Undergrad: 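What follows is a structure written as structure tokens; I'll ask about it next.
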Amino acid sequence: MSIGKGHHLHLIDGSGFIFRAFHALPPLTRKSDGLPVGAVSGFCNMLLKMVEGNTGDDAPTHLAVIFDHSSKTFRNDIYPQYKAQRPPLPEDLRPQIPLTREATRAFGLCCIEQEGWEADDLIATFAVQARDAGARVTIISSDKDLMQLVGGGVEMMDGMKNVRIGPEEVEAKFGVGPEKVVDVQALAGDSVDNVPGAPGIGIKTAALLINEYGDVETLLERAEEIKQPKRRQSLIENAEQIRISKQLVTLEQNVPVEVGIDAMEVQPLEAEKVLPFLAEMEFRTITNRVAEKLGADAPTIDDTPKGSTAGKEPDLPTMDHSAYEIVRDEAALQVWIDRAYERGYVSVDTETTGLDEMRAGLVGVCLAIDPGRACYVPLAHVNGTGDLLGGAERAEGQMDFDRALEMLRPMLEDASILKILQNAKYDLKIFANEGITLTPIDDTMLISYALNAGLHTHGMDALSERYLDHKPIPIKDLIGSGKKQITFDQVKIDEAAPYAAEDADITARLWTTLKPRLAAEHVTTVYETMERPLVPVLAQMERYGIKVNRDHLSRMSNSFAQKMAGLEDEIQKLAGRKFNVGSPKQLGEILFDEMGLEGGKKGKTGAYSTGADVLETLAAQGHDLPARVLDWRQLSKLKSTYTDALQEHIHPETGRVHTSYSIAGANTGRLASTDPNLQNIPVRTEEGRRIREAFIPEEGNTLVSLDYSQIELRILAHIADIPALKQAFRDGLDIHAMTASEMFDVPLDEMTPDVRRQAKAINFGVIYGISAFGLANNLRIPREDAKAFIDRYFERFPGIRQYMDETVAFAKEHKYVETLFGRRIHTPEIGAKGPRAGFANRAAINAPIQGTAADIIRRAMIRVPPAIEAAKLPGRMLLQVHDELLFEVPKDAANDLIETVRDVMENAASPAVHLDVPLTVDGGTGSNWAEAH
DNA sequence: AGAGTCACG
DNA sequence: GACGTACGTGACTCTG
């Protein structure tokens, strides 16, 4: 049924309502776990009123709730300051935002939001579509920006005050009719949204002028005629600003909407959808009211307080592999897509031919609607393994690959359907290969990471066994291992399906179990601001890769090989026999048994230790063999790990190297780079630094490197609250020299490099949870001297000792520590007996510092792509190395890029945290990474 | 598979 | 008083 005459469309301004409910209602938290739900409660009451109150002739036939999607819209391109001064979302409101979406869907209502558009633009578009089709439209909102839409069958209703707003009410407010509202707004401006308007002109004057001249354009053309000098001057001087203001306040009525108004037809309230949601929120009154209205039994609400970690496990149906469906045709797939739309969220998993997203092909897609309801959609399975002549033939019983993706695409890209994944970045990249942008997403791996970093790993198998008490089917059962390993497309569909669908099922179950704990354990903000938004950013960086000069690496490899051969000969001559220089065991025997050198220490395995420190000590005593071995080892390392291995990682089609970042690997919040690790490319030695020369920009471009200066020490100065350090950073002093001066009473202008070096080692030592032994080792000084240094340091900076003690005490009490941004790093080993106690204490001291630095650069990385786009720059972010970001940018835009990114990086802590020390960022450019750094 | 070594922040 | 230690990572090689 198409919308038209006799129909009545209600468009509810969801975002506006949430804010009003949040501020108007007293705070309310869910009894069982403290989750703030006041706004959700107010929102549900409003929805209920909508559903209940609309029974007469005036009842809507169609209804949709519209939400703002993100803050960035075309208006920011026109005017970057638009809504820029808005305070951040209150902490108590943030976790409620997704819940209001859920509430809308639970009430069986159409829930709409769309990337790049404000709710107002969507409302305008739908209102005009419905009006033009001959239907009546009521916009439920009190937002004055929507008043321009009133008239011709469109009216507004203030949902809270229950007041109708027609053309008369609009005129009473603006002094002009609805069609002139934008002109008045353009002149008057709006301080809340940062619309500039004409200074000195308010609504009254604006209305006067518009009534006289008709519209903004005519007014500006004839501005000279205005008698009042102030007004005339303001209009003439601010003409451009007024025109921009009009663009800002004018709602877009032609948004390319993803949902049609026909889909908004009102559905009857379904008890089985709405009651479980209300019960889960623990809204007793509303639950009972709705149950009564529907003639259904009200579900029992269990709101006994749950322990912070011992949340009651949801009752999940048992794993049943035979319940999984294999989807082989369009009709069957459509049923699952419809279910996803009905539910509003869906678990998704992909099966592919390999683990490297840049080379893997999509083999099948799994969907799970709820725990236990999952399917597998085979797409590219083959029979057998193929032969030398070409690929194997396509297996029977699969739907067309492209057709399936075209059917899935709208759902996968639909802003109103949440896609739940385990390790979302992987699937995001696989779908990106097919031109599909998966959004929005939730990631069970990252939910677990936000909750449990430090307690366990966050892979699916580990999470399933831990939280679902279920061991998933091992992939090896299907594809084998070692030489006989096959790829997933060669697995028979009937065998693949239970494994594949199970993964989506497990993901759905993990989400049900873990997601509610985010709010209960107060890490929703961590997840929402530093984990979830990072996924698409990293996916893009990884897919883009960095160009590497193969010839450069190849030449270095050859040169290293020659030098190594020479050293090997020399070493074996010195040893008096042939042996494997790469074998620490053989080397130890040569050095300490055969040559009888002093200092041989056996480790727990009974082998001599031949680490660099041992060899260096021997070399310093004048022994040539260990000195040669050190040289050999350096070359061996550079050759095998870098010049050789890196070449293998150059992608045949892109000519670039595509690393993969693990988001949930490091306990502290740091990223880790793998396959290849691009976070440990040599830089400390001259020889090694030449490897960085192989990392180059595309023709006409340059590499830009921006890195935080001393970020961890700055964070330490802030957290431990050390006035002298904070002041030194504010004054832009050499922090190590200043520390040395303070400790050793040497004036800054008499500082020697060696004294400064010692102070630097102490500064770093503090970050690591200093010990006399560690410092002595590092500086190669007697332990007593190291201890004296540390005592002196604590004496001069007493806050450091206090920070260390307090952090360990906090860890002992809570079994976790926290970064400034609320990231929790669990410290289960704290309080252990024996040598592990020291480890745990130092890790606890280090984690808030390292973790806060990691949080800051994560925040920067999330803000960089939109900032680059807002500045209309062509640059791309390529790599992250803990405190450094590397970019590729056309040469003529390099300076602008540095300016833009530096601003983002230096202000990345704001507004969540105000640091007492400035963050400073150094930038450089070059035709390779060595130059740029 | 684990230990040893060494590259980075 | 002894324990044995700098924090966080990943890749490669040897070895059993």
Side-chain angles (χ1 to χ4, degrees), chain A residues 453-454 579-588 601 603-616 629-630 632-646 648-649 659-662 665-685 687-689 691-692 707-708 710-713 716 761-779 783 786 790 804 807 817 825 827 832-851 853-854 857 879-884 933:
Chain A
F579 73 104
N580 185 347
V581 183
S583 163
K585 184 165 170 274
Q586 294 180 33
L587 176 66
K601 264 216 207 98
K604 37 190 162 214
T605 53
Y608 288 114
S609 167
T610 67
D613 49 343
V614 175
L615 298 189
E616 271 164 28
V629 171
L630 281 169
W632 183 91
R633 277 191 182 166
Q634 195 203 358
L635 294 175
S636 164
K637 179 79 178 182
L638 294 178
K639 182 171 186 294
S640 67
T641 308
Y642 300 105
T643 58
D644 287 351
L646 215 41
E648 306 288 314
H649 282 286
T659 184
S660 180
Y661 290 100
S662 53
N667 289 336
T668 53
R670 271 195 179 181
L671 301 180
S673 161
T674 63
D675 308 300
N677 181 353
L678 294 185
Q679 291 181 320
N680 71 345
I681 302 301
V683 70
R684 290 172 186 172
T685 65
E687 196 109 71
R689 209 159 28 240
I691 289 168
R692 291 199 172 211
D707 68 291
Y708 285 106
Q710 309 285 9
I711 187 166
E712 292 192 352
L713 272 177
L716 173 72
I762 297 173
N763 276 334
F764 278 113
V766 167
I767 291 171
Y768 299 148
I770 201 159
S771 74
F773 184 93
L775 183 66
N777 239 354
N778 187 288
L779 284 176
R783 204 188 307 187
I790 293 169
M804 294 172 74
T807 304
V817 292
I825 297 113
T827 56
K833 293 275 170 267
R836 289 186 308 180
F839 278 115
N841 285 353
R842 289 191 298 271
I845 290 163
N846 174 258
I849 302 168
Q850 188 182 113
I857 198 163
L879 299 178
Q880 187 250 43
V881 193
H882 308 307
D883 63 359
E884 173 190 8
H933 184 77

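Just so we're clear, the structure is a prediction, and the values are computed from it rather than from any experiment. Lettering of chains follows the sequences in order, A, B, ..., and the numbering in each one begins at 1.
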Undergrad: Between C:dA6, C:dT9, B:dG9, spot the one nearest the side chain of A:Asn777, thanks.
TA: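 Nucleotide nearest to A:Asn777's side chain: C:dA6.
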
Undergrad: Within the 4.0 Å heavy-atom criterion, would you say A:Phe773 contacts the bases, only the backbone, or no part of the nucleic acid?
TA: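 If one applies the 4.0 Å heavy-atom cut-off, A:Phe773 turns out to touch a base.
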
Undergrad: Classify A:Ala612 by what it touches in the nucleic acid, base, sugar-phosphate, or nothing, heavy-atom distance under 4.0 Å.
TA: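 Sugar-phosphate contact only - A:Ala612 comes under 4.0 Å of backbone atoms but never of a base.
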
Undergrad: Considering Watson-Crick and G-U wobble pairs with both distances under 3.5 Å, what does B:dT5 pair with?
TA: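 Paired with C:dA11.
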
Undergrad: What contact category does A:Ala837 fall into here, base, sugar-phosphate, or nothing, at under 4.0 angstrom with non-hydrogen atoms?
TA: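 Touches nothing.
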
Undergrad: Between C:dA2 and B:dC6, how far is it from one C1' atom to the other, in whole Å?
TA: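 Roughly 31 Å separates the two C1' atoms.
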
Undergrad: Please determine whether a side-chain nitrogen or oxygen atom of A:Arg783 lies at a distance below 4.0 Å from atom OP1 or OP2 of C:dT5.
TA: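 Indeed not, no polar side-chain atom of A:Arg783 lies that close.
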
Undergrad: Within the 4.0 Å heavy-atom criterion, would you say A:Ser583 contacts the bases, only the backbone, or no part of the nucleic acid?
TA: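 Result for A:Ser583 = sugar-phosphate.
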
Undergrad: If pairing requires Watson-Crick or G-U wobble contacts with both distances under 3.5 Å, which nucleotide is the partner of C:dC3?
TA: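 Partner of C:dC3: none found under 3.5 Å.
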
Undergrad: P atom, C:dG4 versus B:dG4: distance in rounded Å?
TA: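 Between the two P atoms, the distance is 15 Å.
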
Undergrad: Would you mind classifying the nucleic acid contact of A:Gly838 as base, sugar-phosphate or nothing, using non-hydrogen atoms under 4.0 angstrom?
TA: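 Contact class for A:Gly838: none.
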
Undergrad: Could you check how far CD of A:Gln586 sits from P of B:dA3, rounded to whole Å?
TA: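 My rounded result for the distance is 20 Å.
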
Undergrad: Examine C:dG8: is either OP1 or OP2 under 4.0 Å from a nitrogen or oxygen in the side chain of A:Arg670? Give yes or no.
TA: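 No, no such contact exists.
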
